[in-house]
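Have a look at the structure below, then the notes.
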Amino acid sequence: MRILRRLGITALFCLVAFATARDAQAYPQFQFSSGTNRCSQCHQSPSGGGLLTSWGRDESGDTISLGGDGAFLHGLVSTPSWLALGGDLRFAVINNDVGSPAGPEVEAFPMQADLYARVALGDAWSINVIGGARGVVRPDDDSPLGRLGTTADRLISREHYLMWRPSATGPYARIGRFFAPYGLRFAEHIYYVRRYTGFNLYEETYNVSGGFVEEDWEAHATAFAPVPTGLPDFLRSVGPREYGLTGYGELRLAKMSAIAGQFRLGFADDESRLQGGVIGKLWLDKAKLLFLGEADLIHQSLKGSGYAQNQLVSFTGVNLFPTRGLMLGVAYERFQEDLSYSYTGRNAYDFQLNFFPWAHCEAVLLGRYQLTGGGPVDGGTARLVMLQLHYYL
């Protein structure tokens, strides 16, 4: 009866949780820099991202932000031990210049309003759910009532899974919908290493996944499939309808560095994508600098035509933590759609400032400059400036 009661509470939560969603957030920059050795120390997911653990909430107030109580709703409400709740709210203002004759696009819009729930079913089992709605930058009716009125049509649950995990370290297994462990998993889905590797916005797949998470290493393996077409619209997804496998392994050294290898094999009716890559992180404590990078090679084959191409996706960045509550980052990105032709490449240069004035609160300023098709002479340019105001429950 206790389990049935908890399942009922989960179902009720799912019905009321949906608002305006973006993505389950992850900050790989906080690994090592916050004194945390593995991502799953701060997140309920064994690969990081999404709902915070009590450790992660404490870190947000004691280490990352300038102060405050990182507990759920600032500690004003205590949930029972078997129930963990959370959420992310974001509002964004953008200035996006892609060289259109109409000039830069300036928009202000709600970017995210996700709610999270984890219900423990005993000591080892749990149900995990993220609910929200697909965000729309330019709706037909931009008024607050207009946006609210279309919420029912945009409902989506991008993550919902059953997990067996008897302890914080050791083996685990889960089944359901989520992103397979792979890549740096930045919060910013516009980065090439998310956008072109099968982990773009709303591309979560249905998976059977498992692995081991230890203090100095972890390994994950996942079999994935697309969202079935017969399911309701609120389970919709985008991207290629692929079946396949992923693998990810990470080795951490001296609580200051990590090196990881990964692969993804995806097979669809009209194409196949075989990819592999490496990830590296290095934390220099005295300088308060975190270096991180990812590089992936992708072999894409189009069935029936005999055409194939090799692609490169990469990210190289460095983050400075000059003082508590502040993170500065710069990065260089490269995406080469076909390594046989130089004009198919594009480069991006990023600047990001994250300010954490108080637990639960964040302001993000992101600047991005892109060169496509070989540079300003042979190709085009694009500029993006974005301000985000972020609050988590």
Side-chain angles (χ1 to χ4, degrees), residues 20-23 90-113 133-151 153-154 156 186-203 236-240 271 298 300 302 307 309 311-317 329-354 363-390:
T20 318
R22 174 183 171 223
D23 196 10
R90 286 180 187 260
F91 182 83
V93 180
I94 64 170
N95 183 304
N96 189 30
D97 185 358
V98 296
S100 169
E105 174 189 30
V106 179
E107 296 285 348
F109 56 96
M111 192 174 194
Q112 179 186 20
R134 293 176 296 109
V136 178
V137 179
R138 296 171 293 275
D140 295 332
D141 184 350
D142 194 32
S143 68
L145 289 179
R147 287 182 178 273
L148 184 62
T150 61
T151 298
D153 297 328
R154 295 182 285 109
I156 187 169
F186 289 109
E188 294 77 16
H189 64 87
I190 61 173
Y191 286 165
Y192 296 156
V193 289
R194 280 201 56 184
R195 185 175 179 181
Y196 298 114
T197 58
F199 298 89
N200 200 359
L201 196 62
Y202 308 130
E203 288 189 352
R236 73 191 77 179
S237 67
V238 298
E271 69 170 337
I298 303 172
Q300 182 185 37
L302 302 181
Y307 177 76
Q309 61 184 8
Q311 303 175 332
L312 169 68
V313 188
S314 66
F315 176 97
T316 304
V330 293
Y332 165 71
E333 302 175 71
R334 174 72 176 177
F335 173 57
Q336 186 82 34
E337 187 173 5
D338 190 334
L339 290 174
S340 300
Y341 303 98
S342 61
Y343 62 83
T344 63
R346 63 186 65 183
N347 303 294
Y349 303 88
D350 308 304
F351 167 79
Q352 187 166 328
L353 184 153
N354 298 65
V364 184
L365 179 63
L366 173 66
R368 196 166 196 245
Y369 179 68
Q370 292 188 87
L371 298 170
T372 61
V377 176
D378 300 323
T381 64
R383 300 172 181 85
L384 172 68
V385 178
M386 177 186 296
L387 174 64
Q388 298 177 39
L389 301 179
H390 174 211

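Please read all numbers here as calculations on a predicted model, not as lab measurements.
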- Message: If the test is side-chain contact (heavy atoms from CB on, under 4.5 Å), which one of T197, I298, L339 qualifies with Q311?
- Response: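 The single option meeting the side-chain contact (heavy atoms from CB on, under 4.5 Å) with Q311 is I298.
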
- Query: M386 and M111: side chain to side chain contact (heavy atoms under 4.5 Å, CB included), yes or no, with the steps?
  - Reply: CA-CA 11 Å; M386 177 186 296; M111 192 174 194; 3.9 Å; yes

- Item | Donor-acceptor side-chain pairing of Q352 and N354 below 3.5 angstrom |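 Judged by distance alone, the side chains do pair up.
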
For [X] against [Y], the heavy-atom pair lying closest together:
| X | Y | result |
| --- | --- | --- |
| Q370 | A348 | CG-CB, 3.9 Å |
| V313 | Y192 | CG1-O, 3.3 Å |
| F186 | F315 | CZ-CE2, 3.5 Å |
| Y191 | R368 | CA-NH2, 4.1 Å |
| P240 | E203 | CD-OE2, 4.2 Å |
| L201 | R194 | N-NH2, 4.4 Å |

Say you draw a straight line from [atom1] of [X] to [atom2] of [Y]; how long is it, rounded to the nearest 0.5 Å?
| X | Y | atom1 | atom2 | answer |
| --- | --- | --- | --- | --- |
| R346 | E337 | CZ | CD | 6.5 Å |
| Q300 | Y196 | CD | OH | 12.0 Å |
| Y202 | H189 | OH | NE2 | 7.5 Å |
| Q336 | N347 | CD | CG | 8.5 Å |
| D97 | Y369 | CG | OH | 10.0 Å |
| N200 | I190 | CG | CD1 | 10.5 Å |

- Query: Can you tell if the side chain of V98 reaches within under 4.5 Å of the side chain of L384, non-hydrogen atoms only?
  - Reply: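 They are not in contact (no side-chain heavy atoms under 4.5 Å apart), so the answer is no.
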
- Message: With a 4.5 Å cut-off on side-chain heavy atoms, are V193 and F199 touching?
- Response: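 A side-chain contact is absent here, since even the closest heavy-atom pair is not under 4.5 Å.
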
- Can you say whether the rings of Y349 and Y332 are parallel (under 30°), tilted (30 to 60°) or perpendicular (over 60°)?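 Taking Y332 first and then Y349, their aromatic rings sit tilted (interplane angle of 30° to 60°).
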
- Query: Take atom CZ in R195; do more than 12 heavy atoms of anything else shown fall under 6.0 Å from it?
  - Reply: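 No, because the 6.0 Å sphere around CZ of R195 holds 12 heavy atoms or fewer from other groups.
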
